[in-house]
Enquirer: 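Please find one structure pasted underneath; my questions will follow.
This structure is a prediction, so every number in the text was calculated from the model and none was measured. Values below: every heavy atom of this structure, side chains too, minus hydrogens, waters and symmetry copies.
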Number of protein chains: 2
Amino acid sequence: MSQTAKSTKDRILDAANKLFYGEGIRAVSVDAIADAAKVTKRTLYYHFESKDQLIEGYLASRDQPNLALFAQWFDAAEGSIAEKTAAIFYRVGENARHPKWKGCGFLRTAAELANMPGHPAVAVGAAHKKKFEAWLTERYAAAGLTNPAAVARSIVLLMDGAFSTILIHRDPEYAIAAGDTARAIIVREMDASE
Amino acid sequence: MSQTAKSTKDRILDAANKLFYGEGIRAVSVDAIADAAKVTKRTLYYHFESKDQLIEGYLASRDQPNLALFAQWFDAAEGSIAEKTAAIFYRVGENARHPKWKGCGFLRTAAELANMPGHPAVAVGAAHKKKFEAWLTERYAAAGLTNPAAVARSIVLLMDGAFSTILIHRDPEYAIAAGDTARAIIVREMDASE
DNA sequence: TCTATTACACTCACTAGTCGGTATACATAT
DNA sequence: ATATGTATACCGACTAGTGAGTGTAATAGA
């Protein structure tokens with residue numbers, strides 16, 4: 001438990017993050033992650049029972065940072081909740097320009113593990129998405145929208161749609177379209193709530 | 001090229017469809033597909049140069065049938081283009097209740113091959129999505145919407161969002177929410193175009 | 001003879017997971 | 001102080017199996 005530099009477990013998780021996100025879960029071997037973390041495989045298996053648990057750990061480690069980033073983008077944006085929501089989409093679009101961007105890790109993991117619906121990593125991903133939806137609902141409720149949950153659901157659909165379409169087309173423009181659509185939905189809802 | 005029953009190539013493609021879609025691309029071996037098609041691996045490699053080409057063939061074989069199905073659902077629905085569009089979403093939701101439903105094969109393949117952006121199978125998937133978007137644009141233009149392309153783009157974002165969220169949550173309700181959102185977008189656009 | 005198919009052994013790299021053992025730290029008992 | 005016990009953290013080498021793709025020889029039909 002020494003705090004000097006990084007713990008072995010964190011180094012393994014960092015390597016898992018980089019490789020699982022960058023290459024895909026089934027495309028990356030446990031050996032590759034052990035190598036990248038500069039540990040032997042035996043040590044990796046000391047900290048994680050199985051590859052499946054490592055996958056779960058990888059997604060769990062992205063949960064909070066990801067939500068925090070979205071909240072930060074939202075808070076940093078000027079204007080109404082419509083503008084703040086659109087800002088998240090535009091930021092996603094900016095990020096998608098980086099060559100290392102490979103879509104949403106939670107969605108991609110669910111896609112890869114579609115044949116194992118009960119997999120713990122998929123549960124972590126689903127919980128993450130639910131948290132994001134709940135967070136949006138709160139914001140919209142606080143802003144006085146009459147149907148905060150319905151609006152939040154429309155927005156998460158657009159967001160996951162943006163992740164997917166940007167990935168398949170390799171075209172960040174879809175983030176702009178999704179953000180514009182999101183803004184229009186919220187603006188209309190704001191007018192109706194007046 | 002005998003039309004009696006099914007050609008060997010079609011049997012291989014059918015097996016690839018079933019296994020790649022059901023289990024995932026990297027989770028399924030060439031041997032497994034050969035076995036399911038009741039062909040030797042040698043025969044499979046007579047018809048396809050590599051696993052990558054087989055993956056491409058699998059997606060290519062789903063392109064037209066998938067588009068035709070969506071068009072059929074659209075045409076069969078009563079009402080305005082708003083209702084017809086919503087109907088596609090509701091049908092997707094119904095299909096998602098089947099235990100064998102595993103999301104959108106094109107999207108899942110793009111997710112699995114995110115580390116190989118130039119992969120021919122990803123290109124086939126992207127082209128498929130573009131065709132769907134173009135088909136929607138035509139329909140909206142024919143119905144007299146002033147911004148058919150923008151509306152079509154919003155709809156495909158919702159559609160791919162629905163595929164993704166239904167898959168991660170295993171909850172077809174998201175199809176209803178996406179369909180309702182789609183309808184509202186088009187209705188507003190119809191009002192504006194009057 | 002050309003196309004399509006089978007049988008099946010084979011290569012070679014890779015894969016998840018394990019065996020047995022070591023170094024260190026920090027107790028408690030002597 | 002020294003020996004002993006116990007838990008943590010780590011490693012090199014290994015197993016048993018799977019992966020994509022090939023080599024070769026033989027066969028059935030047009």
Enquirer: Using only atom types and a distance under 3.5 Å, with no angle test, would you say the side chain of A/K102 pairs donor to acceptor with the backbone of A/Y21?
Expert: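 Checked: no pair found.
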Enquirer: Please check if the side chain of A/R97 supplies one atom and the backbone of A/P172 the other of a donor-acceptor pair under 3.5 Å.
Expert: no
Enquirer: Which sits closer to the 5' end of DNA chain D, A/D31 or A/H47, going by the nucleotide each is nearest to?
Expert: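 Closest to the 5' end, via its nearest nucleotide, is A/H47.
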Enquirer: With sequence neighbours excluded, what pairs up with A/T85 under the side-chain hydrogen bond (donor to acceptor under 3.5 Å, both in side chains) test?
Expert: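 Result, side-chain hydrogen bond (donor to acceptor under 3.5 Å, both in side chains) vs A/T85: A/Y140.
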Enquirer: Mind telling me whether A/W135 and A/F74 have parallel, tilted or perpendicular rings, with 30° and 60° as the class edges?
Expert: perpendicular
Enquirer: Taking salt bridge (Lys or Arg N to Asp or Glu O under 4.0 Å) as the test, write out the residues that go with A/R139, two or more places apart.
Expert: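 A/R139: salt bridge (Lys or Arg N to Asp or Glu O under 4.0 Å) contacts with A/D75.
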Enquirer: Of the nucleotides C/dA16, C/dT5, D/dG19, which has the atom closest to the A/Y45 side chain?
Expert: C/dA16
Enquirer: Using whole Å, what does the distance between atom P of nucleotide D/dA20 and atom CD of B/E49 come to?
Expert: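 These atoms are roughly 16 Å apart.
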Enquirer: Report, one pair per line, the protein and nucleotides 6-10 of chain C atoms (nitrogen or oxygen only) whose separation is under 3.5 Å.
Expert:
residue: C/dT6; atom: OP2; partner: B/T40; partner atom: N; Å: 3.4
residue: C/dT6; atom: OP2; partner: B/T43; partner atom: OG1; Å: 2.4

Enquirer: Hey, can you tell me if A/F163 and A/F70 have their rings parallel, tilted or perpendicular (30° and 60° cut-offs)?
Expert: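 Parallel: the ring planes of A/F163 and A/F70 meet at under 30°.
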Enquirer: Whole angstroms only, please: what is the CG-C1' distance between A/L54 and C/dT15?
Expert: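 Atom-to-atom, A/L54 to C/dT15, this comes out as 14 Å.
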Enquirer: Could you check which of C/dA16, C/dT3, D/dG19 has an atom nearest any side-chain atom of B/Y46?
Expert: C/dT3
